[in-house]
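Here the structure comes first, spelled out in structure tokens, and everything after it is commentary.
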2 protein chains.
Amino acid sequence: MQRGQESPDAVKVRTLPVQVAAHLTRRIVSGDIEDGRAPSELDISREFGVSRVVARETLKILASLDIVDVAQGRRVVVRPRAEWDYLSPLLIEWLPAEIVGELLQELHQMRVLLEPELAAMAAASVTDETLDRLRGEIDRMAALEGDPNAYLEVDHEFHMEICRAADNRILDRIMYSARWLGTASRRVTNEAPAGLRRATAEHTEIYEALVARDPAGARAAMRRHLSNNYSTLLAEKGKHTKRAARRR
Amino acid sequence: MQRGQESPDAVKVRTLPVQVAAHLTRRIVSGDIEDGRAPSELDISREFGVSRVVARETLKILASLDIVDVAQGRRVVVRPRAEWDYLSPLLIEWLPAEIVGELLQELHQMRVLLEPELAAMAAASVTDETLDRLRGEIDRMAALEGDPNAYLEVDHEFHMEICRAADNRILDRIMYSARWLGTASRRVTNEAPAGLRRATAEHTEIYEALVARDPAGARAAMRRHLSNNYSTLLAEKGKHTKRAARRR
DNA sequence: ATGTCCAACTTGTCCTATAAGCTGATGACA
DNA sequence: TGTCATCAGCTTATAGGACAAGTTGGACAT
């Protein structure tokens with residue numbers, strides 16, 4: 001559940017504007033389109049053989065991801081990569097595996113900063129209903145260790161549940177955006193994560209700290225969990241040399 | 001600089017779809033539109049006297065903010081408020097001052113979790129060029145204490161500069177989204193913040209800790225800064241009773 | 001009562017036309 | 001020669017009409 005706009009199981013062919021936007025983004029990333037020389041509506045219409053309406057919606061999608069700037073009369077311009085909306089699952093899906101790998105590390109860094117504190121806050125204010133739901137999700141995960149995809153769905157829901165305890169829409173949104181972690185990491189590792197059983201044990205530790213209303217314990221347990229998470233991630237996809245001088 | 005898609009000073013009349021989207025969002029928030037009964041393209045077209053193209057783009061905007069779900073054949077449905085994209089300046093602009101006030105608190109809570117650590121990380125790896133820019137921004141702020149709007153622009157840039165030192169696109173994006181803080185807080189407080197001079201002093205403290213490459217000092221200075229920031233925010237707009245039982 | 005099928009509704013895409021805004025080049029004028 | 005107003009051409013914004021494709025709920029037959 002909580003699948004957002006995704007369809008149940010079939011991949012569901014995306015709409016034309018989304019497909020074209022994907023193509024264009026890949027071309028921009030590959031350097032095929034130099035900055036500031038983005039194609040116009042007519043260019044897109046001609047090149048992809050789509051109507052101007054579709055070309056137009058394509059540009060609107062790219063604009064909503066802060067990939068381009070579009071204004072009446074002015075030519076469309078590509079914005080600096082540093083300002084793109086890397087929290088959007090759509091954009092992530094279009095990026096090459098190499099960049100996604102980097103983003104996974106950066107996402108993890110963010111989670112390390114936020115989630116231990118969220119767990120501590122949750123421990124101070126968690127309700128019995130939330131604890132029940134967490135318990136249920138742990139059980140479901142334990143039963144899904146053979147199905148990594150489904151497991152990661154529940155995993156995400158478990159972390160979201162803790163985040164929700166903070167009753168903060170901004171933090172909610174940030175963590176919710178991390179839902180692409182599952183899909184992306186699957187794309188990068190291309191294999192079932194090894195440590196699902198250990199993850200379940202770690203989730204249980206977090207849960208027990210919450211039951212005990214122990215902020216420090218919850219924080220520590222979450223920190224351990226994330227740290228283990230990270231090492232399996234690294235182990236699966238090999239070492240990535242950190243990019244240098246990417247900005248500007 | 002770094003103004004994104006905003007025009008220099010004039011408010012620049014927004015496009016028709018944006019205006020209509022604003023209207024609809026306000027109506028949804030006010031409860032005028034019951035959940036799951038969003039107007040169709042034709043409804044919008046008729047009610048607002050716009051073409052179907054505009055009605056269509058309106059729905060696409062709302063969809064990109066996760067306010068509604070739209071799919072072929074199915075009627076447009078309003079999504080749960082908890083899942084809206086509260087990181088979007090567009091949405092913030094359309095929300096009533098009361099909710100914006102709450103969001104400002106939640107945003108601040110997020111910053112308290114992230115920024116002190118960002119400052120500590122920056123202290124460990126900051127370059128001389130970044131220090132130069134920070135120095136320049138402090139000077140500019142000192143000269144702009146009479147112009148709160150311009151001051152807050154540079155203020156945001158100062159914090160972004162520190163964030164950038166972490167070389168993390170995810171964190172960048174999160175902090176970048178906080179750029180609506182300036183506009184929103186101005187809408188809420190409706191007055192020039194009192195403590196600009198103190199803010200400059202605090203920025204200088206952070207800067208000096210960075211110059212000294214002192215992570216702990218930078219973390220502490222940033223924490224003090226945010227805490228002071230928060231009290232002036234609270235003082236200006238009076239106490240807000242925290243909403244209860246908002247979810248679901 | 002149950003399952004099939006269809007009609008009505010809704011979004012997706014296309015075509016054509018016009019309005020509105022920007023940019024750069026042309027050319028008048030000093 | 002230098003400066004500035006003007007305008008042609010390009011671009012996006014909006015409009016209207018048409019058809020394709022997908023969904024839903026009710027009519028209808030079993």
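Proteins come first, then strands; the chains are lettered A, B, ... in the order of their sequence lines, and each starts at number 1. Because the structure is predicted, anything quoted here is derived from the model rather than measured.
In this structure, the side chain of A:Trp84 engages the main chain of A:Arg79 through a donor-acceptor pair within 3.5 Å.
Ionic pairing of B:Glu93 and B:Arg14 is present here: one or more N-O contacts between side-chain nitrogen and carboxylate oxygen are shorter than 4.0 angstrom.
Checked against side-chain contact (heavy atoms from CB on, under 4.5 Å), B:Glu115 has the following partners two or more places apart in sequence or in another chain: B:Arg111, B:His159, B:Met175, B:Met222, B:Leu226.
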Exercise for review: Using a 4.0 Å heavy-atom cut-off, write out nucleotides 7-19 of chain D from 5' to 3' as B (base contacted by protein), S (sugar-phosphate only) or - (no contact).
Suggested key: ----BBBBB--B-
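In the model, A:Ser88 has no side-chain atom that pairs as donor or acceptor with a side-chain atom of A:Asp85 under 3.5 Å.
By the 4.5 Å heavy-atom criterion applied to side chains, B:Ile44 and B:Leu24 are counted as neighbours.
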